[in-house]
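Below you'll find the structure, written out as structure tokens, and then a few comments.
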Amino acid sequence: MEPTILIGLFFITTIIFAVGLLTFLLPKRVRKFVWIILGTILICSYIYQGTIRPLIIEQQTEKAIEVLEGHLEEKYPMDSWRITDTDDFRIEPVINLHVIFDSEPKVVYDYTVEDTAVRQVNMWTVSGKSVEESGIEPQHAE
């Protein structure tokens, strides 16, 4: 599980546990009702964080990869490439993807995809240096 999910589940569990302790100040009939509500919230949040959220993120990433591939096929029809995501585990409107072209395997291009808008935002070498420092002339700079 991703650290962000674990942290979210920890906070939710802690808050629900604290509120559950505060229910001892309430009458017995109300206390049971509050515990049922808290238990339902806890179960629903675990289901959301553990199953639904990763599916949403995966779907977002797949859609962004499709849009980026369409852009690259239009822009560089005679080239081939490899696309990887940036391992961001957040649901966001802007997705960052890394592209390495087969004709230029030493340079990583960073693209952002928002809806159908694709933008190249950065580039660096596979070793981690900037393109300017390494002296490589990028062939796919936009």
- Identify, with sequence neighbours excluded, every residue that meets ring-ring contact (aromatic ring centres under 6.0 Å, His included) alongside H71. none

- Query: Are any of the side-chain heavy atoms of F10 and T14 separated by less than 4.5 Å?
  - Reply: yes

- Item | Cluster overlap F11 with V19, hydrophobic side-chain contacts below 4.5 Å | no

- Query: If two hydrophobic side chains count as joined below 4.5 Å and joins carry through other members, does L22 share a cluster with I15?
  - Reply: no

- Task: Compare all side-chain heavy atoms of V99 with those of F101 and state whether any distance is below 4.5 angstrom.
- Result: yes

- Can the ring centres of Y76 and H140 be said to be less than 6.0 Å apart? yes

- Start with the C-alpha distance between T112 and V118, add both sets of side-chain angles, then the distance that settles side chain to side chain contact (heavy atoms under 4.5 Å, CB included), and finish with yes or no. CA-CA 6 Å; T112 60; V118 177; over 6 Å; no

- Task: Just do the side chain to side chain contact (heavy atoms under 4.5 Å, CB included) check on Y109 and E142 with the steps written out, would you?
- Result: CA-CA 10 Å; Y109 294 91; E142 294 181 16; over 6 Å; no

- Message: As an exercise, state the distance from CG of L42 to CG of L9, rounded to the nearest 0.5 Å.
- Response: 8.5 Å

- Message: Would you say S103 and D79 are linked by a side-chain donor-acceptor pair, where the criterion is simply a distance under 3.5 Å?
- Response: yes

- Message: Looking at Q59, I'd like to know if its CD atom is crowded, meaning that more than 12 non-hydrogen atoms belonging to other residues, nucleotides or ligands lie closer than 6.0 Å.
- Response: no

- Quick one: closest heavy-atom pair of D115 and V67, and the distance? O-CG2, 3.8 Å

- Contact check, side chains of I100 and V107, non-hydrogen atoms, under 4.5 Å: no

- Note on the structure: The side chain to side chain donor-acceptor pair (under 3.5 Å) partners of N122 (sequence neighbours excluded) come to none

- Message: For residues L72 and M123: do they belong to one hydrophobic cluster (side chain heavy atoms under 4.5 Å, members Ile, Leu, Val, Met, Phe, Trp, Tyr)?
- Response: yes

- Contact check, side chains of I136 and K106, non-hydrogen atoms, under 4.5 Å: yes

- Compare all side-chain heavy atoms of V34 with those of V30 and state whether any distance is below 4.5 angstrom. yes

- Would you kindly confirm whether I52 and I43 end up in one hydrophobic cluster when ILVMFWY residues are joined by side chain heavy atoms under 4.5 Å apart? yes

- Taking only residues two or more places apart in sequence or in another chain, which ones pass side chain to side chain donor-acceptor pair (under 3.5 Å) with T125? S127

- First locate atom CG of L68, then atom NZ of K75, and finally report the distance between them rounded to the nearest 0.5 Å. 12.5 Å

- Item | For E69, all residues meeting side-chain contact (heavy atoms from CB on, under 4.5 Å), sequence neighbours excluded | I65, W81, I83

- Item | Residue pair R53 / I57, side-chain heavy-atom distance below 4.5 Å | yes

- In chain order, what residues pass the side-chain contact (heavy atoms from CB on, under 4.5 Å) check against I95, with sequence neighbours excluded? Q60, A64, L97

- Message: side chain to side chain donor-acceptor pair (under 3.5 Å) for T61 and D85? Distances and angles first, verdict last.
- Response: CA-CA 7 Å; T61 304; D85 63 1; 4.6 Å; no

- Query: Backbone N or O of Y111 within a donor-acceptor pair of the Q120 side chain at under 3.5 Å?
  - Reply: no

- Residue pairs meeting side chain to side chain donor-acceptor pair (under 3.5 Å), one or both in residues 35-48, sequence neighbours left out, come to T13-Y46, T23-W35

- Shortest non-hydrogen contact from E104 toward P138: OE2-CA, 3.2 Å

